[in-house]
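The structure appears right after this line, and notes come after that.
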2 protein chains.
Amino acid sequence: MPERQPSRRDAIRNREAVLAAADALFTRRQSPEDVTMADVAASAGVGKGTLFRAFGDRAGLLRALYEARLEPVRRAVESGPPPLGPETPPRDRVPALLDAALCFKLDNRRLALALEGSGGSSPYRAEHYERWHGLLRAVLEQIPGLTDSDFTAHALLAATRADLVEHLAGEERVPRERMRSQLAHFVTRVLASGPLPGVTVEE
Amino acid sequence: MPERQPSRRDAIRNREAVLAAADALFTRRQSPEDVTMADVAASAGVGKGTLFRAFGDRAGLLRALYEARLEPVRRAVESGPPPLGPETPPRDRVPALLDAALCFKLDNRRLALALEGSGGSSPYRAEHYERWHGLLRAVLEQIPGLTDSDFTAHALLAATRADLVEHLAGEERVPRERMRSQLAHFVTRVLASGPLPGVTVEE
DNA sequence: TAGAATCCGGACCCTGGGTCCGCTTCAACG
DNA sequence: CGTTGAAGCGGACCCAGGGTCCGGATTCTA
């Protein structure tokens, strides 16, 4: 359990300092690759030992940052008003969820990139991915006529993968709003064909 | 140009040996992470210098392996018979292409994983991705009523990402055929709703 | 304020990708 | 064949960066 809250003042202060410094560094630097742990420690005015004790390892630091950023979105999804909150009818909530995911990645490109691409284990084991996927899956399941909710949830979320978003936004210069509408259209298509009677794929 | 064909016998022989050794190692070992360049060199009975001169760097080796494996698929797509070849009507070719991509990833899980997740640059800059995407995009464009071919191509390909495939096949034990049919259904849904008149998104 | 638990931090270790250069091997030519 | 020089070989070496360690400073408790 390397993630428990420390008790001493300096420990808490340092933890905050590290978080802030890392945040700043990741947004400033081009690629997450050239933000080194030593950099973070130095920039936070702290020794490497402190850094690693507080967060376990690089992935731990990334996770902590990510969770912090994700927190408002999580709350909006779990208990907020429509179209993100649980009151929303499934057909409207699915696109809203994916839009939220996309916007989040757009707003936290470097960070998401660093976390998803953190070499080691796949992003699919990350606990926050499991949350997104589980929720999306559950909502999809409530849409009549839709099968394979599990796979569909994965496939839809894949369209918001950090490196894809980064590629589109960074390399291909696709503007934010255009991307959102494209994703929305895509989601619409996936949802549209399921339940409509008479809509069959001509063989 | 670190990739040109060498002239001397021993050079050629060594290149083959390295390729074979790497191939074996990547399929044998659990994670691509714990196949080290030194491992490959040792297993091929060759010095590290030789390895690096032949392939430039780790990514180069991965690329060479990948391209070699991909070659038959590429030919089938570019000049083979339906449903992969260019004669196929777009509506049938799209699912065929994606199925081929999926099968390829299934058959070359470790390798694809190693290449996509090779830390450094995003998989979207890789030349083979550009090929898949460009082709898929072009085929999608021929389907009447489909817009955003560019994004759609990205989104569909994202559903065959190596780490997702690995997760589904490895972690969740989804059998091959089930996965193929799920992907096929997904693709069908995306393609189905486009051209049908009267299918509009209620705003 | 003394004592002890906790924390700090930078020197240190280790792995793994990538380089270097003296030696070997190949093939072309006499 | 023997010579020769260029292409290739390979393992010692370098370096960055993640992660560890422990003597000393700091903070809480009594």
Side-chain angles (χ1 to χ4, degrees), chain A residues 1-22 25-26 29-65 110 113-115 117-121, chain B residues 1-22 25-26 29-65 110 113-115 117-121:
Chain A
M1 316 288 114
E3 295 273 345
R4 98 181 183 290
Q5 191 77 344
S7 44
R8 272 171 54 166
R9 290 274 155 73
D10 50 355
I12 298 176
R13 193 168 0 106
N14 278 332
R15 188 189 167 89
E16 298 303 322
V18 166
L19 236 27
L25 281 180
F26 275 112
R29 295 272 228 278
Q30 286 287 340
S31 164
E33 304 257 318
D34 42 49
V35 173
T36 181
M37 293 301 269
D39 282 349
V40 174
S43 166
V46 142
K48 287 181 66 177
T50 306
L51 200 171
F52 278 96
R53 191 165 341 88
F55 298 97
D57 59 2
R58 187 183 169 90
L61 173 59
L62 271 324
R63 232 181 298 130
L65 269 174
R110 307 282 154 68
L113 214 48
L115 196 57
S118 68
S121 59
Chain B
M1 315 290 112
E3 295 275 344
R4 95 180 185 292
Q5 190 77 344
S7 43
R8 272 170 54 167
R9 290 277 152 73
D10 50 356
I12 297 175
R13 194 169 359 104
N14 279 331
R15 186 188 168 88
E16 297 304 321
V18 166
L19 237 28
L25 281 181
F26 275 112
R29 294 273 227 279
Q30 286 287 341
S31 163
E33 305 257 317
D34 42 49
V35 173
T36 185
M37 292 302 269
D39 282 349
V40 175
S43 166
V46 143
K48 287 181 66 179
T50 307
L51 200 173
F52 279 96
R53 192 167 338 91
F55 297 97
D57 58 4
R58 186 182 169 91
L61 173 59
L62 271 324
R63 231 179 300 131
L65 270 174
R110 307 282 154 67
L113 213 48
L115 195 57
S118 68
S121 58

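When reading the values below, keep in mind they use all heavy atoms of this one structure, side chains included, and skip hydrogens, waters and symmetry mates.
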Exercise answer: donor-acceptor pairs, residues 39-46 of chain B side-chain atoms, under 3.5 Å, sequence neighbours excluded:
unit_1: D39(B); atom_1: OD2; unit_2: R29(B); atom_2: NH2; d: 2.8
unit_1: D39(B); atom_1: OD2; unit_2: T36(B); atom_2: N; d: 3.3

Per-nucleotide protein contact string for nucleotides 19-25 of chain D, where B marks a base within reach and S marks sugar-phosphate only (heavy atoms under 4.0 Å, - for neither): BBB----

Supply the atom-to-atom distance R63(A) CZ to D57(A) CG, rounded to the nearest 0.5 angstrom. 6.5 Å

Tell me whether the OP1 or OP2 atom of dC9(D) has a side-chain N or O from N14(B) closer than 4.0 Å. yes

Distance in Å, R15(B) CZ paired with L51(B) CG, rounded so as to fall on 0.5 Å steps: 10.5 Å

Please tell me if the side chains of F55(A) and L62(A) come closer than 4.5 Å, counting only heavy atoms from C-beta onward. no

Quick one: pull up CZ in R58(A) and CG in L115(A) and give me the separation to the nearest 0.5 Å. 10.0 Å

Spacing of F55(B) atom CZ relative to dG10(D) atom P, expressed in whole Å: 14 Å

How long is the straight-line distance from CZ of R9(A) back to CG of N14(A), given to the nearest 0.5 Å? 13.5 Å

Tell me the interatomic distance from R13(B), atom CZ, to dA27(C), atom C1', rounded to whole angstroms. 14 Å

Residue met sooner reading DNA chain C from 5', once V35(B) and R9(B) are mapped to nucleotides: V35(B)

Output the rounded distance in Å from CD1 (I12(B)) to C1' (dC9(D)). 15 Å

For atom CG of L61(A) and atom P of dG17(D), their distance in whole Å: 16 Å

OP1 or OP2 of dG17(C) versus the side-chain N and O atoms of T36(B): is any pair under 4.0 Å? yes

Whole angstroms only, please: what is the CD-P distance between E33(A) and dG17(C)? 14 Å

